[in-house]
Amino acid sequence: MKFVLDAEQRLFGETLNKLLAGAGTPGAVRAWAAGDPEPGRALWRSLAEAGVFALAVPEAAGGAGPLPVELVTAFHELGRHAVPGPLAETVAAAELLARLGDGAGLGSGHEDFEDRASGHEDSEDRASGHEDSEDRASGGGSSGDHGGELAAAWLPRIAEGAAVVSLALPPAVPYALDADAADLVLVVDGDELRAAVPGTVRTSLDPARRLFSVEAGTAPVSGPAVRAAAGAAFDLGALACAAQLAGVGRRLLEVTVEYAGTRRQFGRPIGGFQAVKHQLADVLVALEYARPLVHGAALAYGSPDFSRDVSAAKAAASDAAYAAARTALQVHGAIGYTDEYDPSLWIRKARALRSAWGSPAAHRARVLSRLTGDRESAE
Amino acid sequence: MKFVLDAEQRLFGETLNKLLAGAGTPGAVRAWAAGDPEPGRALWRSLAEAGVFALAVPEAAGGAGPLPVELVTAFHELGRHAVPGPLAETVAAAELLARLGDGAGLGSGHEDFEDRASGHEDSEDRASGHEDSEDRASGGGSSGDHGGELAAAWLPRIAEGAAVVSLALPPAVPYALDADAADLVLVVDGDELRAAVPGTVRTSLDPARRLFSVEAGTAPVSGPAVRAAAGAAFDLGALACAAQLAGVGRRLLEVTVEYAGTRRQFGRPIGGFQAVKHQLADVLVALEYARPLVHGAALAYGSPDFSRDVSAAKAAASDAAYAAARTALQVHGAIGYTDEYDPSLWIRKARALRSAWGSPAAHRARVLSRLTGDRESAE
Amino acid sequence: MDLDLSSVEPFRAEVRDWLRAHVPAAPLPSLETGEGFAAHRAWERELAAARLSVVSWPARYGGRDATPLEWLVFEEEYYAAGAPGRVSQNGINLLAPTLFKYGTPEQLDRVLPPMASGEVIWAQAWSEPGAGSDLAALRATATRVDGGWLLNGQKTWSSRAAFADRGFGPFRSDPEAGRHRGLTYLMFPLDAEGLTRRPIGRLDGKPAFAELFFDDVFVPDADVVGEPGEGWKVAMGTTGSERGLTLRSPGRFTAAADRLVGLWRERADPADTALRDRVADAWIKARAYRLKGFETVSRTEDVGAESSVNKVFWSELDVALHETALDLLGPDGELEGDWLEGYVFSLAGPIYAGTNEIQRNVIAERVLGLPREGKA
Amino acid sequence: MDLDLSSVEPFRAEVRDWLRAHVPAAPLPSLETGEGFAAHRAWERELAAARLSVVSWPARYGGRDATPLEWLVFEEEYYAAGAPGRVSQNGINLLAPTLFKYGTPEQLDRVLPPMASGEVIWAQAWSEPGAGSDLAALRATATRVDGGWLLNGQKTWSSRAAFADRGFGPFRSDPEAGRHRGLTYLMFPLDAEGLTRRPIGRLDGKPAFAELFFDDVFVPDADVVGEPGEGWKVAMGTTGSERGLTLRSPGRFTAAADRLVGLWRERADPADTALRDRVADAWIKARAYRLKGFETVSRTEDVGAESSVNKVFWSELDVALHETALDLLGPDGELEGDWLEGYVFSLAGPIYAGTNEIQRNVIAERVLGLPREGKA
């Protein structure tokens, strides 16, 4: 077991960091928030070229995965640069589709799941589909065939960055993030997987998160395999979100330490005041212990402890990032509270991601439930 | 309504403060903990002379009460000086007996409730009683007569400081505090009030608190009036305990501020370090807002909001005193952690009283239950 | 002092009845928009017509000489009724107390009545880039000219300034004097020649502030508050008032806590004792703040540095209360709505009007008497 | 570095089996009593006979050259088995690392084997009245005499010293030198002529400490650790070790957290989500500390100031974990028992081995690079 990143993994993280630092990411965030997804899509393609999305896609489907340690390494950097878009949602969808496609052979895609953005350059990747509302009506259809078709149609496109996918997994993930900018919107309703049409958009505290209620379309894939795959997707999405939060928190600490070292009040740098120092020290402590939980959960991928460890990581990363955000705001003062300054990008995101993919309380409850009631049965 | 103490009430508090400061109270605490109750009993009599216990005893029964504002003023000082003994228990017992005696006329006392310390100078105050195990067996007897007898026998002695009473009100108050040093030990079990015999003693973190399991004796007073009276007793005991906690917290703040101003480390008084200052400032803030809750609850005595307000006060005072204790320990360092130095007296008591008479969580639950479910019915 | 709560019941009933009859059924548009600002100004006029805009002021300026207790009661009723936010609050809570202390009779007569009526809405203009809580680092200047002063430089995070009529704040009138000396406190029109305002968004993007750029903005002598060069003292007077009850009346928090209890009843899983504990704690703290308010108005002595205790308490309570609400809402917590807006607003509490770090220093040094920290 | 957890499974199994066979069924009497101290010493001897008392040491001193990973595993098994507290821990965790760094071969050969076997139990003797975390303020003296040193003055809060055999700590050998200079690190017998020890009770009254009074106590040159006058550097070496994993191995906390989960299952109302949240949080943090431990032993570079991060984390975790247990126990929380004893022990964590305030300064200045505070 590697409890620290190896040289290659570290290099991967540093490469992404440089890529995002040089890509004018804050501008892409603000454009995304203003309803112009193009700079964000361009970023998305660069990330795909660097191999980010392939990490969640099995090799058989054109990806390089699953590589959960590399995935959390990447998501840490995505959080650190406040990259917009349904990132955790897309990798969760990849997990969902890979599970449904697993063992079913990778056939052709399904019409109702076609790329809604018809002019898209990658639309030739779509395979043709066929109507199948009968299956949905019967409610008991097997997921095998359609799951396999879906997986075959979408997984390669996810891997290469050509498909932005949004995903709702009610009740923990009730809205489809950035559904208007997504090529595919999925929603799982019990045993059924449906393609969804974005409904009303609701404004988030983080303006780069556009949350849509979903109206599920026709032609579900259904059956117990959907529920199991949705569980796996939730775990991977929550893990990705935890890594993103750790990156958000790390960036907030970095910018706040820098600010505190230069900003002067009462004749000295505010970072010289013990009250400021101790707040920042506490943030570092929280982040330093969130990291091994995120890493440890990635190592547990595929083991019976994965759900428990993901929940531990998500709870700790949420709390650490939120503490970082509160401290960043307090130390920056009014500048941190101002929309047009960059710290607000991470301050808002920390709060939003804290309740996305399950609240800290919900994840702590899941940890204890695995440790007590469900332990024997689950493991 | 007086939301601040009037001149007379302030003077009363200051008088008690001086009395206790001059009475070698820490020595009495240590003797009490070592099993020698005499200095504590002497203190108890001085407090009674100053009128403390009469505040909980109705005028008709030889007291001056009920005077809840004066009572919390007194208990603040008792906490401030870490006075040992079943203080809240005795005033709660007074409330219990007064309620049971109310309207029943003040008759003669009951044998089974007689002073166990037979050599006691006040034992001539005891009235004679009679066997009555039938009532207990039937389970439905009225509390009126015996309650009245008990009240008549014990209330005047409580008022004059001649009776130290311990009281268990399971489940929130499962043990009888200092039952070995008490003249009367009561336990309420559902609808029944029993005289109790101290069982096993259990050691508390606060060595001046000797907790006894109780074996209920014969001859209960029983009936629904007992339950109601026990509820009132619980409220008054919890309020007294809250006031005591506020006093414990205040004293911890006082001694810690003094220590921080004189103790030098790294070449300057530790109270000059911002980290120390801010911890102590937070303690002051918590105490400053616990006080009006305690005072406000005393003002609500007799109103339908009394239980709710007592719970608000107990929760806030417990948290404030505990924060004061943690900070006192941290600022004092090893001295605060040392048995033989006085800060330990209050540090231990804050922790013990926090869970006595209902935990902060239990009291917060009661507040919300009064605000939601029970609001209409209770008020 | 005794507070006879029953004696204020008629007043409470009048306020409650009036609010019940007049509070708009639908919330007004956000006061951080042009349309919303106008609607809130109209509401101030309506309040003023009922002599309810500034109840604690003397009648001659538009008030009704209400006692502090009556003011507390007014605030309780006002927030409990869910009445609109007070667009006039910068003037009423920050400038007016300063004028009552340092203003000339002419200034009082001229400034207060249109403030009370909503005719003139005021914006505070204190902070500058690089000078937030450290007022002594201000650099925007006021230069003596014939009959008045010329203002130059920049102010920022000026609340309400995007749409308000006039502003107030300290300017450096003697660049030679030390940090705390040589400041002059001035009032000025926001549409003055030479003044440019640029709205800036707060955390949720709403333009609750503006930057102000001064280029030889003329202010007559009549609009100096207090003595020239005494701006520090004058501003500190206002700061004291900010930190007392005026800035955040208990009614705000008791109303918010009651709404939180309502949200709990409506939306929470009753078995979730973790949330229950936090909801109860918020309610208890709001009640503590209310009782402390009664205590404060019962006392005759000056509150002084204890106002720092209040500021730390209410600002932390406000954040905790709204965090609890957002957590209670779960995945809906990040969505636009009253609770989110209240949360964003609450986050400014520990920062402005002197950060809570500064307040804790004040508490430690001036209330507890701990040694002063060596400040360079 | 890869950690091959499966490769240590045989070692883990050996340790587990041995502990299962040997850990006393009933808890030993408290090691803060004469009887309990003797029982704990006998337990150390039993551990040593199985070569399990100091697994990470070289074999020649009584260890088995265990890797850091094996040591972590040993600690996990040890605490999970509920084995007795280590009465030798002051020697093993504080003195031994110092000797490995600064001791002579002769000292290592002479001191370590009887420490490993439990024959000699060591007490730390650092603090003095007025000099706790501020080591530079020490005043007890070591005066040069023929062949050695004479110790005079007072030490206090000397852990284990009530019953231990020998002590160690820094003494001021050059009163003229500055605060950090002129200290010498010495080892001495606690039954030496001229040495008086007075047990003092900790918060729960148990004599976990003693005061030591030195009146011309002779120590030969052979018992100086490092160079005379270099005591500060030598002591700081030990402090670094204290703040790393050695002082509080992850196994302590994972075992305590598992017991807390057990207590929750056994005693708590499962509907009490407020407690559930805290129990889960303690378990998560203990797990984080364990994973961080694997991370630390995977790294080759020096941990350095990051050990301060560990110290703040474990000490706060320990307090929170035990507070949760006491709250879970409700009115029984104040009663004597393992949880209360663990709570009292945990309260010392944020204070000793450098207060957490000092650790936070170190983190801020040395890890984050924030400006140093002017210290007089």
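Residue numbers start from 1 in every chain, and the chains themselves are labelled A, B, ... in the order their sequence lines are given, proteins ahead of strands.
Most heavy-atom pairs under 4.5 Å with chain B, from the set C:Asn356, C:Val261, C:Leu291: that is C:Leu291. Of all the listed residues (C:Asp277, C:Ile363, C:Val312), the one sharing the greatest number of non-hydrogen pairs under 4.5 Å with chain B is C:Asp277. Note on C:Gly262, C:Ala364, C:Pro371, C:Ala280: by heavy-atom pairs under 4.5 Å with chain B, the leading option is C:Pro371.
Using a 3.5 Å distance cut-off with no hydrogens or angles, the side chains of B:Ser318 and B:Lys314 do pair a donor with an acceptor.
Note: B:His363 and B:Phe234 have parallel aromatic rings, judged against thresholds of 30 and 60 degrees for the angle between ring planes. Below 30°, between 30° and 60°, or above 60°: for B:His332 and B:Tyr259 the angle between ring planes is below 30°, a parallel geometry.
Of all residues in residues 276-291 of chain B, those placing a non-hydrogen atom less than 4.5 angstrom from a non-hydrogen atom of chain C are B:Lys277, B:His278, B:Leu280, B:Ala281, B:Asp282, B:Leu284, B:Val285, B:Glu288, B:Tyr289, B:Arg291.
Proximity to chain C (any heavy atom under 4.5 Å) is restricted, for B:Asp309, to the side chain, taken from C-beta onward. Only the side chain of B:Ala315 has a heavy atom closer than 4.5 Å to any heavy atom of chain C.
Salt bridge status for C:Glu76 with C:Arg12: present, with a side-chain N to carboxylate O gap under 4.0 Å. C:Asp338 and C:Arg259 are not joined by a salt bridge, as no carboxylate oxygen comes within less than 4.0 angstrom of a charged side-chain nitrogen. Salt-bridge formation is not detected for the pair C:Asp272/C:Arg276: no Lys NZ or Arg NE/NH1/NH2 atom is positioned less than 4.0 Å from an Asp or Glu carboxylate oxygen.
Checking each of B:Lys2, B:Glu70, B:Glu14 against B:Gln9 for a side chain to side chain donor-acceptor pair (under 3.5 Å) leaves exactly one that passes, namely B:Glu70.
Remark: the backbone N or O of B:Tyr341 is paired with a side-chain donor or acceptor of B:Ser344 at under 3.5 angstrom.
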